[in-house]
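The structure appears below as structure tokens.
To find a chain, count down the sequence lines: A is the first, B the second, and so on, and within it residues start at 1. Values below: every heavy atom of this structure, side chains too, minus hydrogens, waters and symmetry copies.
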Number of protein chains: 2
Amino acid sequence: MKHGISPDTFPPRSHEAKRVSVVGAAASVFCREGYAGANIDLIAAEAGVSRQTVYNHHGDKEKLFVAVVRDLTERCNAGIFATIATFPDQPGNLEADLIAFAVRMNRNCICNRDGRFLRKLIQAEGERYPELFADWREQGPGRTWSALAARFARLAFAGHLSIGDPDVAARQFQALVNAELQITFMLGGTPTEEEVLRSATNGVRTFLSAFARKRQPAGKQPVLAHA
Amino acid sequence: MKHGISPDTFPPRSHEAKRVSVVGAAASVFCREGYAGANIDLIAAEAGVSRQTVYNHHGDKEKLFVAVVRDLTERCNAGIFATIATFPDQPGNLEADLIAFAVRMNRNCICNRDGRFLRKLIQAEGERYPELFADWREQGPGRTWSALAARFARLAFAGHLSIGDPDVAARQFQALVNAELQITFMLGGTPTEEEVLRSATNGVRTFLSAFARKRQPAGKQPVLAHA
DNA sequence: ACAAATTTAGACACACTTGTCCAATTCGTC
DNA sequence: GACGAATTGGACAAGTGTGTCTAAATTTGT
């Protein structure tokens, strides 16, 4: 059964496939039940492997937890940076472009599986494993905020916005755009596409009301006059 | 020892005092360790009572957890409404008054012991006990948001602000004022007085930039020109 | 098809936790 | 000082979870 085209992708497939399957199931169970409440047997069952395989691959409950956090952190950061790369540097319609960007950010980074899981793990276990989340804090918020701030600074430099401190503006943008999703996030739920769009729309409009450039060529004001 | 003035407050003191002591210790341990990780022996030790006393008073781990949540919800809501009562209806200096209000809200409701504990319990166990947090959601966010929105509506009606939807404005006010505290909140920390003040100041300034009334008597613009 | 590595199911020891029971002690009240 | 209620510390059974071990079954590479 080694003739070129085999239905299973690769020789070392099952092994690696099981590893990621275990990490995925572990993320789900750790988030649902908390670290203390998580049960290795349940993780193994949910991953479709035996308990012994879990121990063979990751050795320990705590090591498995660390692997889960590292995995989530890595994928979440990648997603956030990929989305920041789609920031509208030369906006046609500033309001519409920023709303679309905010929706992308929410859908691909904040509300997706990895984002919700990582957020919950940080909230639940962040105090108990401070050193574990240190590199999340450095490479996550530490880098993404300034990356986003740089994009807003460029937008201001190009004359589309009037911003005092780009770091503050970036954080306030995020806060405004998620303002109406806080309670849903708190309870671990996933907001509907419509809720995301409405929160983003309201947030971007307020953001632009506050940061629209003060002096602009006559007759070329950005379109904000909906509400 | 029942003569009017006794050093210990009341006849039925020890009994009730122990009850609240247990609930307080339980809140602390449930938050630190999660429901599954919380240990009755540890709660008893932290409350300074024996394990049997915990069972005598609350009967069950789950009943104790419910008592903790009810207690926290009640006190938090009381604090929030008491603070909303101090909303500046007739502001002398709108910016300064709103900043002071935001700082009060943070210090007395969001960052204090009860606020942090309740938030963490909701985030950690909200999915697993949906019915338990139902009345929190109704009487907590459900009422406090509209109470705050009503205050902003009055402020707009009196001509101090130009607001489209008061509910949206109230949520965005909260989001802006806490924008720079999100990461600290996530990790369960307590921001410093200075961080609270800075976040509130930046948030209120942006809020007023967005919602300052559009037409105002000449020469009476609110003071926003710091940054 | 064969040999090596991996996976599996089950049993197992060990530790921990919950909730109960009970005798001894302490506390509040008269 | 004495009575009754509450509290304490400890022992206890039952259940659960972690991590290890083993022999059998399966999969993988050659």
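Considering only heavy atoms from C-beta on, B/Ile40 comes within 4.5 Å of B/Lys61 through its side chain. Looking at A/Phe65 and A/Glu125, their side chains come closer than 4.5 Å, going by heavy atoms from C-beta outward.
For the pair A/Tyr35 and A/Gln52, nearest-nucleotide mapping onto DNA chain D gives the more 5' position to A/Tyr35.
When each of D/dG10, D/dG9, D/dG19 is scored by its nearest atom to the side-chain atoms of A/Lys61, the top-ranked nucleotide is D/dG19. Checking D/dT18, C/dA9, D/dT8 against every side-chain atom of B/Asn56, the shortest atom distance belongs to D/dT8.
Between C/dC16 and B/Asn39, no contact under 4.0 Å exists linking OP1 or OP2 to a side-chain N or O. Neither OP1 nor OP2 of D/dA6 sits under 4.0 Å from any side-chain N or O of B/Thr53. Residue A/Lys18 places no side-chain N or O under 4.0 Å from the OP1 or OP2 atom of D/dT26. Residue A/His57 places at least one side-chain N or O under 4.0 Å from the OP1 or OP2 atom of C/dT7. Between B/His15 and the phosphate of D/dA5, there is no side-chain N or O to OP1/OP2 separation shorter than 4.0 Å.
We find that CZ of B/Arg51 is positioned 13 Å from P of D/dC12, with the value rounded to whole Å.
Here B/Tyr35 and B/Tyr129 bring their ring centres to under 6.0 angstrom of each other.
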